[in-house]
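Structure first, then comments.
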There are 4 protein chains.
Amino acid sequence: MKKDWTPEQTEKRRLILDAARELFSKEGVSNVSMRRIAAKVNYSPALIYRYVKNKEELLDQLRTEGYQILLNRMSRLEVDPDPIKYLTDLAVEYSGFGVDYWEYYDLMFHMPIQISEDGTVPVKGYEAVLGMVRNAVEQAIKAGHFAGCSVDEAMFMSWSQIHGLLSLYISGRTPFHIGEDRAKVMLQEIPRHFLRIVATGKK
Amino acid sequence: MKKDWTPEQTEKRRLILDAARELFSKEGVSNVSMRRIAAKVNYSPALIYRYVKNKEELLDQLRTEGYQILLNRMSRLEVDPDPIKYLTDLAVEYSGFGVDYWEYYDLMFHMPIQISEDGTVPVKGYEAVLGMVRNAVEQAIKAGHFAGCSVDEAMFMSWSQIHGLLSLYISGRTPFHIGEDRAKVMLQEIPRHFLRIVATGKK
Amino acid sequence: MKKDWTPEQTEKRRLILDAARELFSKEGVSNVSMRRIAAKVNYSPALIYRYVKNKEELLDQLRTEGYQILLNRMSRLEVDPDPIKYLTDLAVEYSGFGVDYWEYYDLMFHMPIQISEDGTVPVKGYEAVLGMVRNAVEQAIKAGHFAGCSVDEAMFMSWSQIHGLLSLYISGRTPFHIGEDRAKVMLQEIPRHFLRIVATGKK
Amino acid sequence: MKKDWTPEQTEKRRLILDAARELFSKEGVSNVSMRRIAAKVNYSPALIYRYVKNKEELLDQLRTEGYQILLNRMSRLEVDPDPIKYLTDLAVEYSGFGVDYWEYYDLMFHMPIQISEDGTVPVKGYEAVLGMVRNAVEQAIKAGHFAGCSVDEAMFMSWSQIHGLLSLYISGRTPFHIGEDRAKVMLQEIPRHFLRIVATGKK
DNA sequence: CATGAATGAGAATTCATTCAT
DNA sequence: TATGAATGAATTCTCATTCAT
């Protein structure tokens, strides 16, 4: 499945990938058959296989694309001298991606992760994305933030805060009033509250 | 599937549900057939349908049970006068459930939510669970915490922090070193860091 | 696919195996689909799989049965003190099987042989059959026959003479006049000519 | 597919046939798709059908070619005055063909024979090949060999001896030690033993 | 002459589910 | 109550073949 694609072919492949992405997140990967993807783009089931090797490759391609887009968005940020500012920028960008491309996000971060024998994740881009976050967290710790946290801990807490928001958002669990633009409200939360969930109990 | 169950019937239904849950969690919902559930409890495939309407109802039932268990765990907590302490207790209990019953959790909080026409979630227990959290958050706000946050906001941030941790944990994305007990490490994080992601930038 | 079969089940499995055998030799193994086998016995395609694990197992079963039948026929012979007489008896029995069960024979001796890593043939019965022939040939050599031949050679020549007859017979290449009973004529040839193709040229 | 071929067309058809033969022999007729044949000669699948009517015709053509090659090899022999010598020469040539072109041989002599209404075999060359053998046998009988055999019988025995060797050889059933050159060993057997399987029982 | 696009038919399986007994 | 038998519909994927260009 690499050949040299003509523009038309690329376009058709795109069509298929998009249809698949939509269906996958609407109904779950395993409830979507190649047939249904074909039907959605008005192709015969057999034709799908001229543009996509198989279901596996289709999923991999979507995931890889997702990581690439996310990576691009995160990379275009300037590195702010204030590591917390930078980390927040990253979070904003990450969430923006999650909201704009929630179908991708679903495929990228909700499926059980595959780890190859050497301990790495075999989908291109995954490690790169997490690496950026990790570096930013590391800088923040060096600058005295996240008192008492290891890099792992700080990274995990930061990541999971944003991931939690996106995950609930994607599955429709944002507790905001129906009628409002969920996405917009969601995205306002991030810069306002990221890394600032402070509940100052007397302890 | 609403008949009046005799105790024996209830017990058998129980057996089936348990088998289903175990299989689902071990192999993923869509990789488990009704046949395999039947085999696991030594019933004929047909008999399953005496106790369970179909796969869908089976899943719904499991979800409902999940909410019930979670509700029980959260309810048995004493309400600490310090609302932050209580909220943290709730978080610990919630996460404990998520780790112990991650297979339930997956079914309960990762699938797209179904909302009925009147705006409620038709699965029994769901609203109750969230209600408890909401109340606790409300108390905390009244006590002066979460400065500047609406109840919705504070509730969403708190929930998604924990949900994010669990979600990443369930899909295998905890960035801790292999070999450690992921579950244990994960659970240590919660009381240590919940509601305390503070990054004091100079701003 | 072992379970304990009830008599009815055994019978149905038999039905399927027989249908498969007929189709296989009439049209070639790879031109016969499970669907067609199902159709031939008036079952739904799915039902086939209650009685047979898959196409592979079906073929293996048929082959194994074939070797068993052949082995039985060859085993019931008394060992004649004259090794040539005995060898001829074996040949007659072997050919009788080949003619009576030519569909089996086709599956057993015309498909490319599978040899496992340890150099043996993994289908039960194959080695046993050849072993009997080999022993008989060995006795004959010890008794002074097959002058100048190794056991391998003598065994190969004897075997291939009969196999050649059967192979041509099965594929319809017996050059006897149409209308005669090909099978009968064929079988007469064996005792008359086996091991006696003597063309004493003056050289 | 009878058009008048230009030399270029003939050449291309040749290319396709050769590719097909190679693939067929390497992987078995039913494991080779028209696509793969096309790919092997760097044609588009569609183009194949300009030079070959369909898979069936392709096979028929290969068979016909096979008979032609075999016929050529057998024809180039001088007719030895000793009919047994000549018959042996034919056998050697026939087996040489079978070993060199075993893929052809398989197609030519293992598939069920098609006989047309007038009792002849509709594939060109088949009758001619057998005719040569038949004649040679006839001469041998006239010269006093094959005592007591009809032409049919003698012809059938001779043919099936060689065919048996080739058939077992092709399906991998030569009982010679692995590591030796099976083909070479096989071919040595023919002149050594053809028409000389003598087992002189005391009887 | 040549090809890319396209497809209907079919391959081996599997599954949720029903039904007669 | 319980089950074995049965199946229609679905799954992923391949293939021989046609046709418009």
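Keep in mind the model is a prediction, meaning the values are calculated, not measured. Numbers restart at 1 for each chain; the letters A, B, ... are given by sequence-line order, proteins then strands.
- Atom pair K53(B):NZ and dT18(E):C1' shows a separation of 15 Å (rounding to whole Å applied).
- Between the CG atom of L23(B) and the C1' atom of dC15(E) there is a distance of 15 Å, rounded to whole Å.
- The CZ-P distance, from R13(B) to dT1(F), rounds to 14 Å in whole Å.
- A salt bridge links R14(C) to E65(C): at least one charged side-chain nitrogen sits closer than 4.0 Å to a carboxylate oxygen.
- Between S171(D) and R173(D), the side chains place a donor N or O and an acceptor N or O closer than 3.5 Å (distance only, hydrogens not considered).
- Distance CG (N54(A)) to C1' (dT12(F)): 9 Å, rounded to an integer number of Å.
- Each of dA5(F), dT12(F), dT17(F) was ranked by its minimum atom distance to the side chain of Y49(A); first place goes to dT12(F).
- For the pair S33(D) and dT14(F), the criterion of a side-chain N or O lying under 4.0 Å from OP1 or OP2 is not met.
- At least one side-chain heavy atom of L70(D) sits under 4.5 Å from a side-chain heavy atom of M108(D).
- Partners of N42(C) under the side chain to side chain contact (heavy atoms under 4.5 Å, CB included) rule, at least two apart in sequence or in another chain, do not exist in this structure.
- In this model, the phosphate group of dA2(F) is approached by a side-chain N or O of Y51(B) to a distance below 4.0 Å at OP1 or OP2.
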**Message:** The test is side chain to side chain contact (heavy atoms under 4.5 Å, CB included); show your working for F24(A) and D106(A) and say whether it passes.
**Reply:** CA-CA 9 Å; F24(A) 282 156; D106(A) 199 25; over 6 Å; no
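- Taking the ring centroids of F109(A) and Y67(A), they lie under the 6.0 Å cut-off.
- Distance, I48(A) CD1 to dG8(E) P: 14 Å, rounded to whole Å.
- Put simply, the side chain of M34(A) does not reach to within 4.5 Å of the side chain of P45(A), judged on heavy atoms.
- Terminal axes of the helix from dA2(E)-dT21(F) to dT21(E)-dA2(F) (five pairs each, C1' rotation axis) are separated by 30°, to the nearest 10°.
- In this structure, E103(C) does not pair ionically with K26(C), as no charged nitrogen and carboxylate oxygen lie closer than 4.0 Å.
- Of the residues in residues 36-47 of chain C, those with a non-hydrogen atom less than 4.0 angstrom from any atom of DNA chain F are S44(C), A46(C), L47(C).
- Picking from dT17(E), dT17(F), dT12(F) the nucleotide with the shortest atom distance to the side chain of K55(B) gives dT17(E).
- A close approach under 4.0 Å does occur between a side-chain nitrogen or oxygen of R50(A) and OP1 or OP2 of dA5(E).
- At the phosphate of dA2(E), OP1 or OP2 sits under 4.0 Å from a side-chain N or O atom of K12(D).
- Sequence order on DNA chain F of the closest nucleotides to E56(A) and T6(C) puts T6(C) first from the 5' end.
- Two residues, R35(A) and N31(D), neighbour DNA chain F, and the one matched to the more 5' nucleotide by heavy-atom proximity is R35(A).
- Rounded to whole angstrom, the span from the CD atom of Q9(C) across to the C1' atom of dA6(F) amounts to 13 Å.
- As a whole-Å value, the separation of W5(A) CH2 from dA5(E) C1' is 13 Å.
- A heavy-atom distance below 4.5 Å is found between the side chains of R36(D) and L23(D).
- Across the protein-nucleic acid pair, M34(C) atom CE and dA12(E) atom P stand 7 Å apart, rounded to whole Å.
- Using a 3.5 Å distance cut-off with no hydrogens or angles, the side chains of R13(B) and Q61(B) do pair a donor with an acceptor.
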